[in-house]
**Q** 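I'd like to ask you about the structure that follows.
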Amino acid sequence: MPEPILRVRTPATSANLGAGFDTIGMALSLYNIFSVTETLPDGEFHADTVGEGAIELTDIKSNMIIQSYLAACDFWGVKGKGFGLISNNAIPFSRGLGSSASAVVAGVLIADALNGVNAAEDDLLRAMTRIEGHPDNVAPCYLGGMTVSCWDGDNLRYVRLPSTPSDMYVVVAVPNVKVRTDDAREALPEKVEFTDAVFNLGRAALMAAAWATGEWNLLSWGMDDRLHQQYRAKLFPGGEVIMDRVRSIPGCLGVAISGSGPSVLALVRGKPRKTAETMCRTFSEYGVESLFFVLECNTGGAKVERPMKHLRQTGGLN
Ligand code: HSE
């Protein structure tokens, strides 16, 4: 493969973390890498995908990186160049680990870099959130770490919280079933009980405060939820039992459905093996194969890199 003009690396993310529906999310140490191989005339694109999603992502018209690129160009009023793209994907597709946010963040960053927009961080995040519809995946994907973000449909306010301790692991079990975010949102009720809303308000506030102060033992409460997980747990085999089984394992600080599912995430202090085995055994009992990742919280967020050769030719960016 020729040396790319531009390379963008985006981390996987886990949104919600239980109580923080559409608001809280964290970046994970698992990455997609997007290489822009050449620039092409306006409106001309070609794309190849290797790894996760390679079978699904053959139609260039529905390629989310290119769609997000065009939306960002439109947002900034620039006539975007066309380009050739190779996506090397490690983030599982349609499993609640932010693969679509990864594409949105990459598309916006490519639009910014390739067309010399040099947008400020706030503008980049605003464009990303507008395209994705909610900020809880794109904010940690772009910024890294654990983020709390609020979106009013036009403006975004966000805080990036401190990193996790070095002995904290993020164990993610990924069952071999897909749940589309649209279906997982469709499964939610239109109205919730006032008491459940108050429950989540307290839990999400506690989670953010615990994270900010390093009171990790409070996460088991902070990640509890009554707004969405009980409905989404019915959408994949084993969903209704897995979290209770994992929660009681020593060292497990908290457990949640990752994003809109079906992956399940546990924050673990100390050895992660028992948690990972329990998750995968539970999926097996319910007839589903699964794999697990033992990850860390990614702190650097998305990275844009232009190889030196092209940096000299174009005056550079980033
Ligand atoms: N907050 C979103 C949801 C994340 O739970 O539906 C999925 O994109």
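Whatever order the structure lists ligands and atoms in, that order sets their numbers, starting from 1. Everything numeric in this text was worked out from a predicted model, so none of it was measured.
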**Q** Please enumerate all residues that pass side chain to side chain contact (heavy atoms under 4.5 Å, CB included) together with S149, with sequence neighbours excluded.
**A** P135, A139, T147, L156, Y158
**Q** Provide, line by line, the atom pairs where ligand 1 and the protein bring an N/O atom each to a distance under 3.5 Å; else say none.
**A**
{"unit_1": "ligand 1", "atom_1": "1 (N)", "unit_2": "N16", "atom_2": "OD1", "d": "3.0"}
{"unit_1": "ligand 1", "atom_1": "1 (N)", "unit_2": "D22", "atom_2": "OD1", "d": "2.5"}
{"unit_1": "ligand 1", "atom_1": "1 (N)", "unit_2": "D136", "atom_2": "OD2", "d": "2.6"}
{"unit_1": "ligand 1", "atom_1": "5 (O)", "unit_2": "N16", "atom_2": "ND2", "d": "2.8"}
{"unit_1": "ligand 1", "atom_1": "5 (O)", "unit_2": "R232", "atom_2": "NH1", "d": "2.7"}
{"unit_1": "ligand 1", "atom_1": "5 (O)", "unit_2": "R232", "atom_2": "NH2", "d": "3.4"}
{"unit_1": "ligand 1", "atom_1": "6 (O)", "unit_2": "R185", "atom_2": "NH1", "d": "2.6"}
{"unit_1": "ligand 1", "atom_1": "6 (O)", "unit_2": "R232", "atom_2": "NH2", "d": "2.8"}
{"unit_1": "ligand 1", "atom_1": "8 (O)", "unit_2": "N137", "atom_2": "OD1", "d": "3.3"}

**Q** With rounding to the nearest 0.5 Å, note down the distance linking CG in L265 to OG1 in T275.
**A**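 Rounded to the nearest 0.5 Å, the CG-OG1 separation comes to 11.0 Å.
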**Q** Using the ring-ring contact (aromatic ring centres under 6.0 Å, His included) criterion, which residues pair with F83? Sequence neighbours excluded.
**A** F45, Y69
**Q** Checking H228 side chain against G18 main chain: does a donor-acceptor pair fall under 3.5 Å?
**A**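 Indeed, once roles are kept as given, a pair shorter than 3.5 Å links the two residues.
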**Q** Once you measure the plane-to-plane angle for F236 and F283, does it fall in the parallel (<30°), tilted (30-60°) or perpendicular (>60°) bin?
**A**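 Geometry flag for F283 against F236: tilted rings.
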**Q** Restricting to pairs with a member in residues 72-88, which pass side-chain hydrogen bond (donor to acceptor under 3.5 Å, both in side chains), not counting sequence neighbours?
**A** D42-K79
